[in-house]
Q: 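Can you read through this structure? Questions will come right after.
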Amino acid sequence: MSINRQWLLAKRPQGMLSLDDFVYNETAIPIADLAAGDLLLRNLWFSFDPAQRGWMDDRASYLPPVALGEPMRATAVAQVVASANEQFPEGSLVQGLFDWQDYTRVSADNPMQPHPIPTGTPPNYPLSIFGATSLTAYFGILDVGKIKAGDTVVVSGAAGAVGSVAAQIARIKGCRVIGIAGGIEKCEWLINECKLDAAINYKAENIDQQLTLLCPDGVDVFFDNVGGNTLEVLLEHMSDHGRIVSCGQISQYNAEQPNAGPSNLNRITERRLRLEGFILMDFIERIEEAMNDIAPWVMGGELAFREDVQEGFENIPATLLRLFSGQNAGKQLLKISDPTEV
Ligand code: NAP
């Protein structure tokens, strides 16, 4: 390939993300004159994450917004195609925060250096079951949720990448676990493959009524990926000294008007609840510890996971939209190509 294909951020989205928010572009491959320490990477796999929606708004967060007219930012796995850095030989695979384009040039002084991927690792795994979503689930449910055996745990967004892992870790640790997800197929997967105790299809069932039936003694830990009305309903079902892990609020990311917020925050006081947010970056020093637990659970078949793999550079923007319509069944990925032999 002689060109560098890109998807640029064309405008700040108003409300629900749309394909018009992005524009296709082509540039030259940035190969000339690699300085000492520089790398040229070719992206192979992209991860799709709800956080990308936040990066499109003109609002400071834990990362700066993507600038208008610049390629959209994404986590990706890439292959080193030219290297002036002996730590990253040509042909090796790396992972990092790159852009929606074929090629990325990383200079030696870039503070966001890529991470090498061990030889033999399937290139999709560092973006899915051995990636950031599983780590988020791990630290969120264990360190923030502080689950203990016998707890009743409810997880929203339970069939997604973070939610399914958080729910299963709670199950592995001896909790009774109820997942909330959109659709019969997702709920069946949660029960049959993830071995949860129950699942609520929020698109067809009333969460409040179902929790009254399923959790008569209250919910000890709520791992929340959704926010909005779901959080408001759960506040009514928490038991005394319950913990709410605020992992994300995907129901609000495309809202034109922010939700007025739970009208029942008084429950936090009355039931002596703890509601705590966290960001995976807070736990960056402990990734090895988490992987030492997660890997044997996956290899031993205790932790089920699934990937939703789309293909083709042209389908990148549409694939991001899948997250916000619930079309994704599992961790949303897109494959550009296999690594090339060197
Ligand atoms: P995911 O759950 O695999 O995919 C997103 C899912 O969200 C969709 O499949 C859909 O599932 C659900 N959803 C979309 N719009 C919704 C709405 N309006 N109301 C209710 N549910 C909706 O994505 P993920 O990567 O695992 O992320 C899950 C959550 O974790 C997000 O809130 C994300 O921001 C958060 N997160 C936080 C951190 C952190 O460090 N704190 C890190 C990573 C992710 P249904 O079909 O079930 O509706």
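Order of appearance sets the numbers: ligands from 1, and atoms from 1 within every ligand.
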Q: Mark up the atoms of ligand 1 that fall under 4.0 Å of a heavy atom belonging to F324, in ascending order.
A: 15 (N)
Q: Show your working on side-chain hydrogen bond (donor to acceptor under 3.5 Å, both in side chains) between N4 and T27 and close with a plain yes or no.
A: CA-CA 5 Å; N4 180 37; T27 60; 3.2 Å; yes
Q: Under 3.5 Å, is there a donor-acceptor pair linking the side chains of H241 and D220?
A: no
Q: Which of the numbered atoms in ligand 1 are below 4.0 angstrom from a heavy atom of A161?
A: 1 (P), 2 (O), 3 (O), 26 (O)
Q: For ligand 1, is there an atom lying under 4.0 Å from some heavy atom of Q327?
A: no
Q: Considering non-hydrogen atoms only, spot the tightest contact between D338 and K335 and give its length.
A: OD1-NZ, 2.9 Å
Q: What residue and atom, counting heavy atoms only, is the protein's closest point to atom 38 (C) of ligand 1, and at what distance?
A: T136 CG2, 3.5 Å
Q: Strictly below 4.0 Å, N to O, side chains only: are R306 and E185 in salt-bridge contact?
A: yes
Q: Minimum distance, heavy atoms only, to atom 47 (O) of ligand 1: which one of G182, A255, G227 is it?
A: G182
Q: Looking at ligand 1, does G183 have a heavy atom less than 4.0 Å from it?
A: no
Q: Work out which heavy atom in I141 is nearest to a heavy atom in A170; give both atom names and the distance.
A: CG1-CB, 4.3 Å
Q: Between R267 and E236, is the closest basic N to carboxylate O distance under 4.0 Å?
A: yes
Q: Considering the heavy atoms of T133, write down every atom of ligand 1 situated less than 4.0 Å from one of them.
A: 25 (O)
Q: Name the option, out of A51, G326, A158, that contains the heavy atom nearest to atom 10 (C) of ligand 1.
A: G326
Q: Taking the basic N atoms (NZ, or NE/NH1/NH2) and the acidic carboxylate oxygens, is any pair closer than 4.0 Å for R286 and D143?
A: yes
Q: Quick one: nearest non-hydrogen protein atom to atom 34 (O) of ligand 1, plus distance?
A: Y253 OH, 2.7 Å
Q: Report, in ascending order of atom number, the atoms of ligand 1 lying under 4.0 Å from any heavy atom of G160.
A: 1 (P), 2 (O), 3 (O)
Q: What residue and atom, counting heavy atoms only, is the protein's closest point to atom 4 (O) of ligand 1, and at what distance?
A: N328 ND2, 3.1 Å
Q: Do NZ/NE/NH1/NH2 and the carboxylate oxygens of R176 and D151 come within less than 4.0 Å?
A: no
Q: Show the atoms of ligand 1 that are less than 4.0 angstrom away from any heavy atom in G248.
A: 32 (O)
Q: Which residue supplies the protein heavy atom nearest to atom 32 (O) of ligand 1, what is that atom called, and how far is it?
A: N225 O, 2.9 Å
Q: Give the residue, atom name and distance (to 0.1 Å) of the protein heavy atom nearest atom 22 (C) of ligand 1.
A: I250 CG2, 3.6 Å
Q: Specify whether F22 and W100 have parallel, tilted or perpendicular ring planes, treating 30° as the upper limit for parallel and 60° as the lower limit for perpendicular.
A: tilted
Q: Among all protein heavy atoms, pick the one closest to atom 41 (N) of ligand 1 and tell me residue, atom and distance.
A: F278 O, 2.9 Å
Q: For Q249, counting its heavy atoms only, list the atoms of ligand 1 lying under 4.0 Å from any of them.
A: 32 (O)
Q: What part of V226, side chain, backbone, both or neither, has a heavy atom within less than 4.0 angstrom of ligand 1?
A: side chain
Q: Taking the non-hydrogen atoms of K331, is any one of them nearer than 4.0 angstrom to ligand 1?
A: no
Q: Any atom of ligand 1 sitting under 4.0 Å from a heavy atom of Y202?
A: yes
Q: If you take the nearest heavy atom of each of A329, G277, S251, which one is closest to atom 17 (C) of ligand 1?
A: S251
Q: To the nearest 0.5 Å, tell me how far L334 CG sits from W45 CH2.
A: 8.5 Å
Q: Looking only at protein heavy atoms, which one is nearest to atom 25 (O) of ligand 1, and what is the separation?
A: P50 CD, 3.3 Å
Q: Please report whether ligand 1 has a polar contact with K203, defined as an N or O pair separated by less than 3.5 Å (distance criterion only).
A: no
Q: Does ligand 1 come near enough to C247 that some N or O of the ligand is less than 3.5 Å from an N or O of the residue?
A: yes
Q: For atom 44 (C) of ligand 1, what is the closest protein heavy atom, and at what distance to 0.1 Å?
A: V162 CG2, 3.8 Å
Q: Assess whether a salt bridge exists between D308 and R322, defined as any Lys/Arg side-chain N lying under 4.0 Å from an Asp/Glu carboxylate O.
A: yes
Q: For ligand 1, which atoms have a heavy atom of A181 less than 4.0 angstrom away?
A: 47 (O)
Q: Going by the atom numbers of ligand 1, which of them fall below 4.0 Å from some non-hydrogen atom of K186?
A: 9 (O), 11 (O), 45 (P), 46 (O)
Q: Parallel under 30°, tilted from 30 to 60°, perpendicular over 60°: which one fits the rings of F305 and Y125?
A: perpendicular
Q: Is it true that the NZ or CZ of R53 lies under 6.0 Å from the centre of Y253's six-membered ring and within 45 degrees of the ring axis?
A: no
Q: Going by an N to O cut-off under 4.0 Å, is there a salt bridge joining K11 and D21?
A: yes
Q: Compute whether any side-chain donor of one residue and acceptor of the other, for Q332 and S47, lie under 3.5 angstrom apart.
A: no
